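What follows is a single structure, written as structure tokens, with notes after it.
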Amino acid sequence: RAKVLGKARYELFNSDMYANVLARLQLETDLRRAIEREEFQVYYQPIVSLTSGSILGFEALLRWQHPERGLLNPADFISVAEETGLILSIGKWALHEACRQMQAWRVYHRSNLLEKISVNLSVKQFSQSDLIEQIGQILDSTGLDAGTLMLEIAESVIVENGHQVTAAILQLREMGIDLSIDDFGTGYSSLGGLYKFPISVLKIDRSFISRMNTNSKNIEIIEIIVTLAHKLGVDVLAEGVETEEQLALLRNLNCKYGQGHFFSVPLNSLAAEALIMENPQW
Ligand code: C2E
Ligand code: MG
Ligand code: MG
Ligand code: MG
């Protein structure tokens, strides 16, 4: 009988699961150490004005230079960072670093052309009672103007956390910070409900852009989003622009901004600075 139970236990907790638990624990340990050792980096992907064809600003995207595993993307660690609450200090660091870098670029290069630095905020960050104070301090210490900062909030965050998030959004807006809805179209919110939020930019998820070429209905969907957004006084940014054809279609639809591999992949700060000096026109 004991033998049977022992075997059953073994089956319930097999070696794959054991390896997964160990890997997750290791990741959590590594993440804690990464904060102390300053292993995080911010990469920058240009946001392009489709009307002028020039760079309007950048989205800040977190990377982790892991000592053994190399450069990691958020997909490799952000969910564990959120579950453990470590996203609070990582997110705060990323916001500070992005604001510091943007201010340095604005002071030393073509400052009038770099209008926006856009930073992603996690839902966990919204649950902090001192979020507004933190952001105010970061703007003070880096010298960045509030009007230069844009904060990205996933559509799902707005849908699922109505009241608390709405209050924070209103306060951020009062400070003069711009807000955008990230990954729009994936979070089941209705376009009509958006007028309640003082949002400046709606970022259409790249899954819509990648489907554009395949059938005209998909183009019509984007056209409807752009038209309604404009009626609500909101600008539209297309995420994941990868081809010249997509760019031409988006320009036809009066989509105002674009971002994606067609223009540039996310770059480290040195490469982004080189791009600023090159001042490309699309
Ligand atoms: P996101 O905010 O929607 O960022 C856009 C993602 O799409 C980035 O992935 C970017 O590298 C990728 N991308 C851009 N253009 C293209 C394209 O043309 N084709 C394809 N296939 N992909 C493209 P990344 O950098 O891996 O970031 C993934 C997500 O991690 C972000 O999605 C954002 O939700 C989250 N994230 C990144 N940085 C931060 C941060 O500092 N804080 C928080 N809370 N989340 C972050
Ligand atoms: Mg984003
Ligand atoms: Mg996005
Ligand atoms: Mg996305």
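Because the structure is predicted, anything quoted here is derived from the model rather than measured. Whatever order the structure lists ligands and atoms in, that order sets their numbers, starting from 1.
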Discussion item. Please report whether ligand 1 has a polar contact with E59, defined as an N or O pair separated by less than 3.5 Å (distance criterion only).
Written reply: yes
Worksheet item: Out of L88, N120, V241, V42, whose heavy atom sits nearest atom 45 (N) of ligand 1?
Response: N120
Worksheet item: For the Mg ion (ligand 2), what is the closest N, O or S atom on E59?
Response: OE2
Item to complete: Assess K203 for proximity to ligand 1: is some non-hydrogen atom of it under 4.0 Å away?
Response: no
Item to complete: Check whether any side-chain N or O of N218 sits under 3.5 Å from a backbone N or O of R211 as a donor-acceptor pair, and report yes or no.
Response: yes
Response to the item:
The atoms of ligand 1 lying under 4.0 Å from a heavy atom of I78, numbered in the order shown, are 45 (N), 46 (C)
Worksheet item: Looking at ligand 1, does any of its N/O atoms fall within less than 3.5 Å of an N/O of A94?
Response: no
Discussion item. Out of I87, V265, L61, who is nearest to atom 8 (C) of ligand 1 when you count heavy atoms only?
Written reply: L61
Worksheet item: Counting from 1, what ligand 1 atoms have a heavy atom of G240 closer than 4.0 Å?
Response: 16 (C), 17 (C), 18 (O)
Worksheet item: Any idea which of E242, E82, E239, K92 brings a heavy atom closest to atom 21 (N) of ligand 1?
Response: E242
Practice prompt. Mind reading off the angle at the Mg ion (ligand 2) between the OE1 atom of E152 and the OD1 atom of N120, rounded to 10°?
Written response: 90°
Item to complete: Check the angle between the aromatic planes of F58 and Y44 and answer parallel, tilted or perpendicular using the 30° and 60° thresholds.
Response: perpendicular
Discussion item. Between R251 (side chain only) and L50 (backbone N and O only), is there a donor and an acceptor less than 3.5 Å apart?
Written reply: yes
Worksheet entry | Atoms of ligand 1, numbered as shown, that sit under 4.0 Å from any heavy atom of D182 | 1 (P), 2 (O), 3 (O)
Practice prompt. Among the N/O/S atoms of D182, select the one at the shortest distance from the Mg ion (ligand 2) and name it.
Written response: OD2
Discussion item. Using 30° and 60° as the class boundaries, would you call the ring planes of F77 and W64 parallel, tilted or perpendicular?
Written reply: perpendicular
Practice prompt. Check for a donor-acceptor pair, side chain of D76 on one end and backbone N or O of N73 on the other, with a separation under 3.5 Å.
Written response: yes
Worksheet item: Is the shortest distance from a heavy atom of K124 to ligand 1 less than 4.0 Å?
Response: no
Worksheet item: Between E59 and K203, is there a side-chain N and carboxylate O pair less than 4.0 Å apart?
Response: yes
Item to complete: Examine the proximity of ligand 1 to L95 and report which part, side chain or backbone, both or neither, has a heavy atom under 4.0 Å away.
Response: neither
Worksheet item: Do the side chain of R106 and the main chain of L114 share a donor and acceptor less than 3.5 angstrom apart?
Response: yes
Worksheet entry | Residues R69, D30: salt bridge by 4.0 Å N-O rule | no
Discussion item. If you take the nearest heavy atom of each of S122, A154, G260, which one is closest to atom 44 (N) of ligand 1?
Written reply: S122
Discussion item. For atom 15 (N) of ligand 1, which of the options Q45, Q259, E152 provides the nearest non-hydrogen atom?
Written reply: Q45
Discussion item. Please work out, at 4.0 Å between heavy atoms, whether the side chain, the backbone, both, or neither of D205 comes within that distance of ligand 1.
Written reply: neither
Discussion item. Nearest 0.5 Å, please: how far is CD in Q125 from CG in L131?
Written reply: 7.0 Å
Practice prompt. Before accepting this row, confirm whether a basic side-chain N of the pair R33/E36 lies closer than 4.0 Å to the acidic partner's carboxylate O.
Written response: no
Discussion item. Counting backbone and side-chain atoms alike, is an N, O or S atom of D183 positioned under 2.8 Å from the Mg ion (ligand 3)?
Written reply: yes
Practice prompt. For atom 35 (C) of ligand 1, state which one of A60, P266, P74 supplies the nearest heavy atom.
Written response: P74
Worksheet entry | Name, closest N/O/S atom of E239 to the Mg ion (ligand 3) | OE2
Discussion item. Donor-acceptor pair, distance only, cut-off 3.5 Å: does the side chain of D130 make one with the backbone of E133?
Written reply: no
Worksheet item: Is the W282 ring parallel, tilted or perpendicular to the F263 ring (thresholds 30°, 60°)?
Response: perpendicular
